[in-house]
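I have placed the structure first, in the form of structure tokens, so that the comments after it can refer back to it.
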Amino acid sequence: MSTPWKILVLAHRDAELNPLRRELERAGIAAELTLVRNGDALVKKFEGGGWDAALFSGSVARLHLASALAELRRRDPLLPIVLVVRAIEAEGLLAVAKSGVSAVVFQETLALVAITLEREVLHYREARGQQQSRQRAAWLDQAMGCAPVALAIADRRGVLRWANAAYLELVGVRSDQLEAGEATIWESGDERWADLSEALHAGRAWRGSVPAPARGGEATLHQLQIAGLPMESEEMWYVVARQPVGGATTGIENRLLEQRNELFAAIAGGIAHDLNNILAPITMAANILGEQELSAESGELVRTIENSAERGAAVIRQVLTFAQGSENCAMVLQPRHLLREVARLAAEVFPPNIAVRADIPSALWAIVGDPGEIHQSLINVLINSRDAMPEGGHIVITARNRTFPVVPSTPFFSPEAGDFVEITVDDTGEGLEPDVASHAWEPFVTTKGAGHGSGLGLCRVAGVLRSHGGFGQMRARPDAEHGTRVSLCFPRAVSASDAAPTPTAGLEVSPREVGRILVVDDEESILTLSRRILERAGFEVLVASEGREALALFARHRAEIGLVVTDLAMPGMNGFTLVWALRRSKPDLRVMVATGQGTDANLRELERMGVREVLLKPFSSRRLLDGVARTMAEPAQCEPDLFLDAAFAQGA
């Protein structure tokens with residue numbers, strides 16, 4: 001069950017709680033009612049925190065009611081406070097009700113107390129969430145404003161619309177000049193605009209140097225880093241970071257820059273965790289709807305929801321990759337998400353006379369790689385295809401699973417035979433001569449005119465392929481008179497349970513063999529839908545919203561529970577500590593982790609703790625059931641003495 005509501009009740013007698021409990025139980029609402037008999041006791045209890053609502057009985061003296069109401073409102077203006085009175089007393093208590101009561105329920109219609117409380121508590125949680133979001137936004141605004149790093153936002157013309165104090169000080173601009181629109185990144189005709197546009201279209205930040213404002217006759221340079229900031233109007237604005245070049249940067253400033261990057265990575269990680277928890281119930285609910293008898297139109301809407309949630313998850317992964325850096329950022333990934341995103345980007349930024357189409361199957365193998373490097377390699381290939389069609393044409397991106405018993409060795413690639421995911425980019429340009437195609441992966445080879453290309457694009461792609469154990473091919477399109485086909489082959493991931501789960505055909509597991517399943521997650525919607533999916537499959541399910549509640553449930557049902565599915569990031573006791581405690585109590589317990597924080601460090605610690613099955617949120621109902629089957633099919637791996645360190649390494 002979910003965590004019961006905590007409700008303070010101001011009344012004279014214990015007997016007044018009984019009808020309230022009956023009505024709440026009849027409505028299926030779990031609640032802990034705590035009786036206080038006067039205002040002082042009410043305030044003392046309230047200071048403990050964690051209350052969801054308060055109920056005031058009309059049997060309390062009017063003066064005490066007003067005083068208690070004022071004290072609670074002073075401490076929490078949003079708290080739901082429901083006044084329960086007899087209809088005959090309502091008129092006399094009207095002044096009290098107007099001074100801050102959220103709702104009034106008559107004792108003659110006490111059945112309405114449950115629906116009233118439910119409405120008020122939901123509104124309260126929503127209002128508290130909005131209040132916390134505004135608070136975080138205010139903190140972020142204050143932090144950015146006083147940050148020791150020079151930051152600014154510029155519109156599409158390069159005019160600064162916002163800058164923090166460090167930026168204004170560094171460039172010598174006054175606040176009134178900023179407000180008047182007199183401050184710019186650089187002059188409007190500056191040749192750097194073309195380089196900036198090309199970098200942003202290629203999906204990377206622009207970096208370069210500009211002359212610093214002259215001070216004391218000394219000529220210095222400033223280093224700029226500029227990233228795109230899409231606006232609701234579909235215009236592209238810019239985020240600008242500025243710092244002195246060379247010796248002007250001290251060790252302290254370098255450390256501050258590192259701290260800023262760590263802060264951004266932490267913020268991105270927190271946002272990604274929250275968004276994954278939002279997308280997870282959307283995905284699971286859409287899966288449940290998709291299993292029902294639906295009209296063609298409704299089925300199409302459900303598939304749209306599923307595809308949108310999947311795309312959202314892919315975008316979150318890319319945000320994390322960008323925020324945490326792409327150096328040595330190898331991870332198990334599903335290439336279809338990356339390919340669809342690259343195709344979408346190309347379709348948006350390429351000229352309208354070039355049509356870009358992606359034909360990506362859903363059953364691609366997973367690969368291990370750096371998403372940033374693979375993304376950039378695909379962009380380089382697509383830019384080559386674009387430049388080969390100055391008059392317009394078509395680009396088609398496809399992918400398929402291929403097994404190569406033998407891979408011919410070339411001067412550029414020496415991969416081992418095996419399973420690969422082959423990504424193919426076809427264009428309708430003039431094509432390449434065979435001798436040019438055979439040298440295309442070499443540095444400084446280009447078919448563009450002087451000043452229109454360095455010839456390093458495919459050379460960089462070749463380096464990425466080699467570092468991933470893959471290979472590339474370039475040849476004329478076999479099915480057309482004109483055009484070029486570029487194939488990039490990446491090895492199949494050896495173990496890819498988190499991106500492309502191992503098929504579970506033949507892995508039959510009966511609910512009786514599993515026993516009860518304990519699901520632990522602090523998101524109530526994920527708990528509810530996980531329980532429904534597992535119960536529809538015939539399993540008996542217990543749920544807990546945090547680690548200590550899970551331990552209490554496990555203590556009562558230890559012999560019956562055969563599998564635990566838990567989140568990692570939870571308030572109070574985190575998932576690492578919970579797994580350690582459960583395994584210490586029952587070494588042969590099977591454990592599966594469902595998390596939105598699938599970092600390399602987390603995966604390594606989980607492996608040390610004997611957890612082999614990790615589902616990355618958002619996950620589908622099919623992946624949840626397949627994960628259960630795989631977890632139960634493998635022998636329990638438990639070395640308690642080893643994962644004591646793992647638990648404490650995560651701050652247990």
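Treat the numbers as computed from the prediction; the structure is a model and nothing was measured.
- Proximity of Leu488 to Ile374: side-chain heavy atoms (C-beta onward) are nowhere separated by under 4.5 Å.
- Contact of the Pro618 side chain with the Ile282 side chain is not registered, since no non-hydrogen atoms from C-beta on lie closer than 4.5 Å.
- With values rounded to the nearest 0.5 angstrom, Arg336 atom CZ is found 14.5 Å from Glu341 atom CD.
- In terms of heavy-atom proximity, Leu168 sits nearest to Ala163 at CD2-CB, 3.9 Å.
- The structure places CG of Asp155 at 8.5 Å from OH of Tyr238, a figure rounded to the nearest 0.5 Å.
- Contact detail for Ala366 and Pro335: the closest heavy-atom pair is CA-CD, 4.2 Å.
- Thr428 places a side-chain N or O within 3.5 Å of a backbone atom of His394 that can act as its donor or acceptor partner.
- In this structure, OG in Ser620 is found 8.5 Å from CG in Leu615, a value given to the nearest 0.5 Å.
- Residue Leu178 comes nearest to Val173 through the heavy atom pair N-CG1, 4.3 Å, listed as atom of the first residue, atom of the second, then distance.
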request  = Apply side-chain contact (heavy atoms from CB on, under 4.5 Å) to Asp76 and Arg128, showing your working.
outcome  = CA-CA 10 Å; Asp76 189 344; Arg128 284 293 299 273; 3.8 Å; yes
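- The side chain to side chain donor-acceptor pair (under 3.5 Å) pairs that include a residue from residues 171-180 are Arg174-Asp176, where partners are two or more places apart or lie in different chains.
- The shortest side-chain heavy-atom distance between His375 and Leu345 falls under the 4.5 Å cut-off.
- Atom CE of Met570 is separated from atom CG of Leu568 by 7.5 Å, given to the nearest 0.5 angstrom.
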ask   = Are Gln376 and Val464 close enough, and set up right, to give a side-chain contact (heavy atoms from CB on, under 4.5 Å), and what steps lead you there?
value = CA-CA 9 Å; Gln376 188 58 54; Val464 171; over 6 Å; no
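- Side-chain atoms of Val381 and Met474, non-hydrogen and from C-beta on, never get closer than 4.5 Å to each other.
- Within the model, atoms CZ of Arg357 and CD1 of Ile397 stand 10.0 Å from one another, a figure rounded to the nearest 0.5 Å.
- Minimum heavy-atom separation, Leu378 to Ile423: CD2-CG2, 3.9 Å.
- Contact record, Leu117 with Ala53: CD2-CB, 3.8 Å, taken as the closest heavy-atom pair.
- The shortest side-chain heavy-atom distance between Gln130 and Arg134 falls under the 4.5 Å cut-off.
- Between Phe46 and Val43, every side-chain heavy-atom pair lies at or beyond the 4.5 Å cut-off.
- Closest approach of Glu524 to Arg125, counting heavy atoms only: OE1-NH1, 4.2 Å.
- The backbone N or O of Leu151 lies less than 3.5 Å from a partner atom in the side chain of Asn164, making a donor-acceptor pair.
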request  = Please report the C-alpha distance between Trp51 and Leu72 in whole Å, then the side-chain angles of each, then the deciding distance to 0.1 Å, and finally whether the side-chain contact (heavy atoms from CB on, under 4.5 Å) criterion is met.
outcome  = CA-CA 11 Å; Trp51 300 100; Leu72 285 193; over 6 Å; no
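- Within the model, atoms CD of Gln131 and OH of Tyr124 stand 8.5 Å from one another, a figure rounded to the nearest 0.5 Å.
- Put simply, the side chain of Gln334 gets close to the backbone of Leu364: a donor and an acceptor are under 3.5 Å apart.
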message = Under the criterion side-chain contact (heavy atoms from CB on, under 4.5 Å), I'd like the reasoning laid out for Ile367 against Leu333: C-alpha separation, chi angles, the key distance, then a yes or no.
response = CA-CA 6 Å; Ile367 61 176; Leu333 59 92; 3.7 Å; yes
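- Remark: side-chain polar atoms of Arg161 are not paired, donor with acceptor, to backbone N or O of Ile153 under 3.5 angstrom.
- Between Glu391 and Asn353, every side-chain heavy-atom pair lies at or beyond the 4.5 Å cut-off.
- Using a 4.5 Å cut-off on side-chain heavy atoms (C-beta onward), Leu79 and Arg73 make contact.
- In this structure, Arg386 does not pair ionically with Asp427, as no charged nitrogen and carboxylate oxygen lie closer than 4.0 Å.
- Around CD of Glu47, the count of heavy atoms belonging to other residues, nucleotides or ligands within 6.0 Å exceeds 12.
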